[in-house]
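Keep in mind it's a predicted model, so treat the numbers as computed, not measured. For reference, positions follow the sequence shown, starting with 1.
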Amino acid sequence: NPLIKKVAIFIHVNEKDYSKYIIQKQNEIKRNGIEIITINTQTIHYQNNTEKTNSIKATKLIMNSKNDINIVLPITTVNNINKIQKISSDIPKLFCCFPLIGSEQFNQPMIINSFKFSPNEARSTIFLKNTKSEKVNKNRELLIQANELFKEILEYCIKNKYEDYFNLFTQEPISNQFIDINWINEKIFKPRTNFLYEQPIVKTVNNQYLHVTSLYFPKDCSKEYREY
């Protein structure tokens, strides 16, 4: 959530043994267009009320924001080259100010946050069935907007010579009682995947970037063929 600057979390084993996690943004967030943000996570472990370890880990994200919605993708920088990272399977993919715990399997290459999402009562996902519902139609509209923000990030990454675009491909969405799987496939998953196919995102041995559809991928899985 771009409005939250700092969060502290305590996890207790018992009264004297516990861990403290401090999550804090390193830079100011404008929430308008594409920006690179860094989030520091400080982890402190205590035993018998005495500090034993203290470490800080920085996480870089690329974010795109517009109106009531923003999306983020994890990135890393290696030898001055920015690389796109895959989102861990245990991280919720949908946020309504706070994470919707249960949306970890909402397969997509980005995290989507909007305070205008209408989640189910358990805050584990969003309503996407029953088009007579205003909440459902708003949720669908927000997901379509998220796809457009994703396209803008991809174009930005291509322009700025990012690498590892394969991390943007995901499995097909998983169905549940709140999700219209046909709608998700036709309006969200397939358009996003087709857009990826149309972009020069495959790096060749000559350091050129070509479209997926312009390349030939061998299908023979024999060892002799692979080593040829």
Side-chain angles (χ1 to χ4, degrees), residues 1-11 19-44 54-104 106-117 119 123 126 139 141-170 188 192 195-196 199 201:
N1 186 337
L3 297 176
I4 299 175
K5 295 182 178 180
K6 184 177 180 180
V7 174
I9 301 171
F10 292 83
I11 299 179
S19 298
K20 179 181 180 181
Y21 301 89
I22 302 173
I23 305 167
Q24 186 170 10
K25 295 169 187 170
Q26 185 175 311
N27 47 326
E28 194 65 31
I29 297 177
K30 299 177 182 178
R31 293 189 298 140
N32 183 23
I34 296 174
E35 51 192 319
I36 307 299
I37 61 177
T38 301
I39 296 176
N40 291 328
T41 302
Q42 182 179 9
T43 304
I44 310 171
N54 190 329
S55 62
I56 297 178
K57 178 184 178 182
T59 301
K60 282 182 73 174
L61 303 166
I62 182 169
M63 183 171 78
N64 195 8
S65 307
K66 187 175 183 180
N67 300 326
D68 306 321
I69 188 169
N70 50 68
I71 69 169
V72 296
L73 287 79
I75 60 173
T76 189
T77 303
V78 180
N79 297 327
N80 295 320
I81 298 175
N82 291 314
K83 296 176 179 286
I84 297 169
Q85 301 290 288
K86 182 175 287 293
I87 299 175
S88 173
S89 60
D90 60 358
I91 293 180
K93 306 304 186 296
L94 300 174
F95 280 56
C96 183
C97 295
F98 293 96
L100 302 186
I101 307 300
S103 64
E104 292 85 351
F106 197 90
N107 293 328
Q108 57 189 14
M110 57 200 169
I111 294 172
I112 305 174
N113 173 62
S114 177
F115 69 90
K116 289 201 170 181
F117 272 139
R123 284 184 60 89
I126 57 176
N139 286 339
E141 177 187 327
L142 290 167
L143 289 183
I144 291 173
Q145 289 178 22
N147 255 14
E148 295 304 311
L149 295 180
F150 172 81
K151 292 177 182 179
E152 292 176 4
I153 281 185
L154 180 56
E155 291 170 344
Y156 172 91
C157 290
I158 292 171
K159 180 180 178 181
N160 289 279
K161 302 185 185 305
Y162 279 55
E163 294 186 356
D164 292 356
Y165 296 101
F166 59 87
N167 284 317
L168 298 178
F169 289 90
T170 67
I188 303 299
R192 185 177 65 232
F195 185 77
L196 283 168
Q199 307 308 310
I201 59 175

Ile62 vs Val72, side chain to side chain contact (heavy atoms under 4.5 Å, CB included): CA-CA, chis, key distance, verdict: CA-CA 6 Å; Ile62 182 169; Val72 296; over 6 Å; no
Worked check of side chain to side chain contact (heavy atoms under 4.5 Å, CB included) between Leu142 and Ile126: CA-CA 11 Å; Leu142 290 167; Ile126 57 176; over 6 Å; no
Worked verdict on Ser65 versus Asn32 for side chain to side chain donor-acceptor pair (under 3.5 Å): CA-CA 5 Å; Ser65 307; Asn32 183 23; over 6 Å; no
Check against side chain to side chain contact (heavy atoms under 4.5 Å, CB included), Leu154 and Tyr156: CA-CA 5 Å; Leu154 180 56; Tyr156 172 91; over 6 Å; no
Side chain to side chain contact (heavy atoms under 4.5 Å, CB included) assessment of Thr59 paired with Thr38: CA-CA 6 Å; Thr59 301; Thr38 301; over 6 Å; no
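Between Ala146 and Ile69, the closest heavy-atom pair is CB-CD1, 3.9 Å. Nearest approach of Cys97 to Asn113, heavy atoms of both residues: N-OD1, 3.1 Å. The heavy-atom pair separating Phe106 from Lys93 by the smallest distance is O-CG, 3.3 Å.
The CD1 atom of Ile56 sits 6.5 Å away from the CG atom of Asn40 when rounded to the nearest 0.5 Å. Note: Phe150 CZ to Leu143 CG = 14.0 Å, rounded to the nearest 0.5 Å. Between the CD atom in Glu163 and the CD1 atom in Ile81 there is a gap of 4.5 Å [rounded to 0.5 Å]. Expressed to the nearest 0.5 Å, how far CD1 of Ile39 lies from CG of Leu61 amounts to 5.0 Å. Between the CD1 atom of Ile37 and the CE atom of Met63 there is a distance of 4.5 Å, given to the nearest 0.5 Å. In this structure, Ile112 CD1 and Phe95 CZ are separated by 11.5 Å, a value rounded to the nearest 0.5 Å.
Remark: the backbone N or O of Ile84 is paired with a side-chain donor or acceptor of Asn167 at under 3.5 angstrom. A donor-acceptor pair under 3.5 Å is absent between the side-chain atoms of Gln199 and the main chain of Ile201, judged by distance alone. Counting only distance, with no hydrogens or angles, the side chain of Arg123 and the backbone of Cys96 share a donor-acceptor pair below 3.5 Å. Between the side chain of Lys66 and the main chain of Asn64, no donor-acceptor pair closer than 3.5 Å is present. Between the side chain of Ser114 and the backbone N or O of Asp68, at least one donor-acceptor pair lies under 3.5 Å. Proximity of a side-chain donor or acceptor of Lys83 to a complementary backbone N or O of Asp164 within less than 3.5 Å is not detected. Side chain of Glu104 to backbone of Gly102: a donor-acceptor contact under 3.5 angstrom is found. At least one donor-acceptor pair closer than 3.5 Å links the side chain of Ser103 to the backbone N or O of Leu94. No side-chain donor-acceptor contact under 3.5 Å links Gln108 to the backbone of Thr170. Between the Asn54 side chain and the Ile44 main chain, no donor and acceptor come within less than 3.5 Å of each other.
Within 6.0 Å of atom NZ in Lys60, more than 12 heavy atoms from other residues, nucleotides or ligands are found, so the atom counts as buried in its surroundings. Within a 6.0 Å sphere centred on NZ of Lys116, other residues, nucleotides and ligands contribute 12 heavy atoms or fewer.
Figure legend: cation-pi geometry between Lys151 and Phe195, with NZ or CZ positioned under 6.0 Å from the six-membered ring centre and within 45° of its axis.
Side-chain contact check for Pro92 versus Leu100: every heavy-atom pair is 4.5 Å or farther apart. When side chains are defined from C-beta on, Leu168 counts as touching Leu73, because their heavy atoms get closer than 4.5 Å. Between Cys157 and Tyr165 the shortest side-chain heavy-atom distance falls below 4.5 Å. Within the 4.5 Å cutoff, the side chain of Asn139 has heavy atoms near those of the Phe117 side chain. For the pair Arg192 and Glu148, the minimum side-chain heavy-atom distance is 4.5 Å or more. Using a 4.5 Å heavy-atom threshold, the side chains of Glu155 and Ile153 count as separate. Here the side chains of Gln85 and Ile87 are not in contact, with every heavy-atom distance at 4.5 Å or above.
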